[in-house]
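Structure record follows, encoded as structure tokens.
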There are 2 protein chains.
Amino acid sequence: MVTIKDVAKVSGVSPSTVSRVIANNPRISEDTKKKVRKAMKELGYHPNVNARNLVAKSTKAIGVIMPSSANVALQNPFFPEILRGIGSVIHEAEYSMYLSTGETEKEILSEVQRMVYGSYVDGVILLYSRINDKVTNFLREQGFPFVMVGKPQEHDTEITHVDNDNVRAGKEITQHLIDMGHEKIGFIGGSRDLLVTRDRESGYVAALEKAGIQECEGYKIHTEFLKSGGREAVEHLMSLSTPPSGLVVSDDLISLGILSMLESYGLRVPQDISLVSFNNVYLSEITRPALTTVDIQIYTLGAQSAKALIEKTLNKNEPAKRIIIPYEIVYRDSVSQLS
Amino acid sequence: MVTIKDVAKVSGVSPSTVSRVIANNPRISEDTKKKVRKAMKELGYHPNVNARNLVAKSTKAIGVIMPSSANVALQNPFFPEILRGIGSVIHEAEYSMYLSTGETEKEILSEVQRMVYGSYVDGVILLYSRINDKVTNFLREQGFPFVMVGKPQEHDTEITHVDNDNVRAGKEITQHLIDMGHEKIGFIGGSRDLLVTRDRESGYVAALEKAGIQECEGYKIHTEFLKSGGREAVEHLMSLSTPPSGLVVSDDLISLGILSMLESYGLRVPQDISLVSFNNVYLSEITRPALTTVDIQIYTLGAQSAKALIEKTLNKNEPAKRIIIPYEIVYRDSVSQLS
DNA sequence: CTGTTAGCGCCTTCAT
DNA sequence: ATGAAGGCGCTAACAG
């Protein structure tokens, strides 16, 4: 391995001068800079991060924590997309990105502890927001810089988070169904432990209320991500004496499963039943029918969270903030006008 | 930050003793071990990786390189799934995982160079295999430990890689179509720059040959991953004087797009046209119809590549190997018997 | 402008 | 079985 000393020797200067050249210190003459850089090139020198981090007490790396991967939720294209968003600013800032890999909450916690205690990273991005989350609590207790994608369960003024206004989005998309003449509207959500599910559900409820529509017993269902849960949800809904004519589904991926179930029940979307959902994952464009869904700008969510985190690691006094990314409803073919 | 010295002071021993306790050196008495460990716990001591890496000249970290993310290919659930597989053994071995984030090939190359030159990682996993890949070449030239998921374009006896027998799989799945009475069989593949596309295509060709079926002009198409390309592919195929009755599609995600296009042309699968594909991503179960596809065991692909890489970083003399993961055809509802 | 010195936190001889 | 000393590669005062 080529070290700073080798470069120093070859270019006939001291190691510290080389170090300063690397940092592009203005107090080094252009001549020596040139000389040193030439030597670096010749020798194929590249600084060793570990040595650098050791003295700098900073790693220029951030940890990205996915939710526990025991279930298929992780298969959601949401993740590659948000990773891309994070990656773009990480790359720009010349940071690196550590990915958590745990399957269970316990494994994840231990990984985060390793990252934090072992100075692997300067900060952490949490790609989920869930009730009573040990990881969140740990990070808070440690006072370790982190930002959350989604809304914190509590202490939301102390935790920097990047989120959509999911309540409003839920309200608005439900309102769309109402505007199209629907009154019997069901809600199918993912786990209620996820804050995002709760928010979207609140929006749904608010829209109904505002329209003076009575909430129906049994119209609200929570299910696991894919088909198994989807099956039950659809079975349940359709066995009701007055089944809904419209569905608000909290995630495009769930919608996919629902769509499939609906079809197997001989129900056509949107002719027999309308459906709207959230995320606008690329898949929602190629389902049949294409989904009317809320585009939450996943990429931006990722990019902004990375940006906020980096700022925070650079300046410990950076105040906590809430960053709300605008959403936009994308109208496609999964909703029909009820006369 | 709590250091080894603090622990030493509190437990009344020297720093080196503490270090030995961490390494669980057998020449330290159980008594002092106990004493030291107690102090570590009290103080909340955790070793600093950077310091450790610096002297150990190893990072216990691996880099994972995704293909360039300029296109939607990255949205393929293949990636979260393979990441899970890698993660499982990484975690087990107490390694960490760096994720590349570049969007273009150039960015990716520069990231890999940083990883390698800067001693960020001990080895690298390439999640793709493409023609004339600069990253692969760089890694080879450097003699840096890496393994590839897929088949190397060249030097395949020198590069450890984890792959399926895609030629055979392609042949077998095509044979299935033939067995079901199909003779006019088209092939829709992703980029020909990807080795995997080529292999699957070779299998397709081999099956036709074996069955004595003449390859038809215009039956082979290569397209970008999602809909835009899918549209053209379907348009082209269906405008042929004798359109195919069966389709071999090189990736489930492409199949999704094709399915959608087909439907918009009023073609029903499998009644009007049959379709088989590859990967058995969870989505292929909830499409309508559910896809008959080759289960390539993505998770295992990831786990085995991580395992092979770790072995390689631990023992530089570990010979290059080819690891072939078995596949299995999953029969579902996208193929019909032709009488 | 540049060199010298010290030290980041840890591990590893070499002593004892 | 344990301690002392040196060094991994780099940066940051402090001199000059």
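Here the structure is a predicted model, which means the values were calculated and not measured. Quick note on labels: first sequence line is chain A, next is B, and so on, each numbered from 1.
Note on A:L54: a base of the nucleic acid sits closer than 4.0 angstrom, heavy atoms only. B:T3 comes within contact range of the sugar-phosphate backbone alone, with a heavy-atom separation under 4.0 Å but no base atom that close.
The line from NE2 of B:H46 to CE of A:M115 is 14.5 Å long, rounded to the nearest 0.5 Å.
Along DNA chain C, the stretch of nucleotides lying under 4.0 Å from any heavy atom of chain A spans, 5' to 3', C:dC1 to C:dG9. Reading DNA chain D from its 5' end, the first and the last nucleotide to sit under 4.0 Å from a heavy atom of chain A are D:dC8 to D:dA13.
Under the side chain to side chain donor-acceptor pair (under 3.5 Å) criterion, A:K151 pairs with A:D199, sequence neighbours left out. Listed by chain and number, the residues in a salt bridge (charged side-chain N to carboxylate O under 4.0 Å, His left out) with B:E158 are B:R140 (sequence neighbours excluded). Under the salt bridge (charged side-chain N to carboxylate O under 4.0 Å, His left out) criterion, B:E81 pairs with B:R84, sequence neighbours left out. Taking A:E154 as the reference, nothing meets the salt bridge (charged side-chain N to carboxylate O under 4.0 Å, His left out) condition, with sequence neighbours excluded. The side chain to side chain donor-acceptor pair (under 3.5 Å) check on B:S88 picks up B:Y299, with sequence neighbours excluded. For B:D156, the salt bridge (charged side-chain N to carboxylate O under 4.0 Å, His left out) partners are B:R322, not counting sequence neighbours.
Remark: B:K33 NZ is packed, more than 12 non-hydrogen atoms of other residues, nucleotides or ligands lying under 6.0 Å away.
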Name the atoms and distances for all side-chain donor-acceptor pairs under 3.5 Å in residues 55-64 of chain A, with sequence neighbours left out.
residue : atom : partner : partner atom : Å
A:S58   : OG   : A:D122  : OD2          : 3.2
A:T59   : OG1  : A:A61   : N            : 3.3
A:T59   : OG1  : A:Y120  : O            : 3.4
A:T59   : OG1  : A:D122  : N            : 3.3
A:T59   : OG1  : A:D122  : OD1          : 3.0

Using residues 304-315 of chain A as the side-chain source, report each donor-acceptor pair under 3.5 Å to any protein atom, sequence neighbours left out, with the distance given to one decimal.
residue : atom : partner : partner atom : Å
A:S305  : OG   : A:L301  : O            : 3.1
A:S305  : OG   : A:G302  : O            : 2.8
A:E311  : OE1  : A:K321  : NZ           : 3.4
A:K312  : NZ   : A:T160  : OG1          : 3.4
A:T313  : OG1  : A:I310  : O            : 2.8
A:N315  : OD1  : A:N317  : N            : 3.0
A:N315  : ND2  : A:E318  : OE1          : 3.4

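Using five terminal pairs a side, the axes of the helix from C:dC1-D:dG16 to C:dT16-D:dA1 at its two ends make an angle of 40°, given in steps of 10 degrees.
Using a 4.0 Å cut-off on heavy atoms, the residues of residues 17-40 of chain B that approach DNA chain D are B:T17, B:R20, B:R27, B:I28, B:S29, B:T32, listed by number.
Salt bridge present: B:E42 and B:K38 bring a charged side-chain N and a carboxylate O closer than 4.0 Å.
Across A:A51 and B:L54, no two heavy atoms sit closer than the pair CB-CD1, 3.6 Å.
Taking the six-membered ring wherever Trp is involved, the centroid distance between the rings of B:F138 and B:Y117 falls below 6.0 Å.
Comparing B:K57 and B:P15 by the nucleotide of DNA chain D that holds the closest heavy atom to each, the one mapping nearer the 5' end is B:P15.
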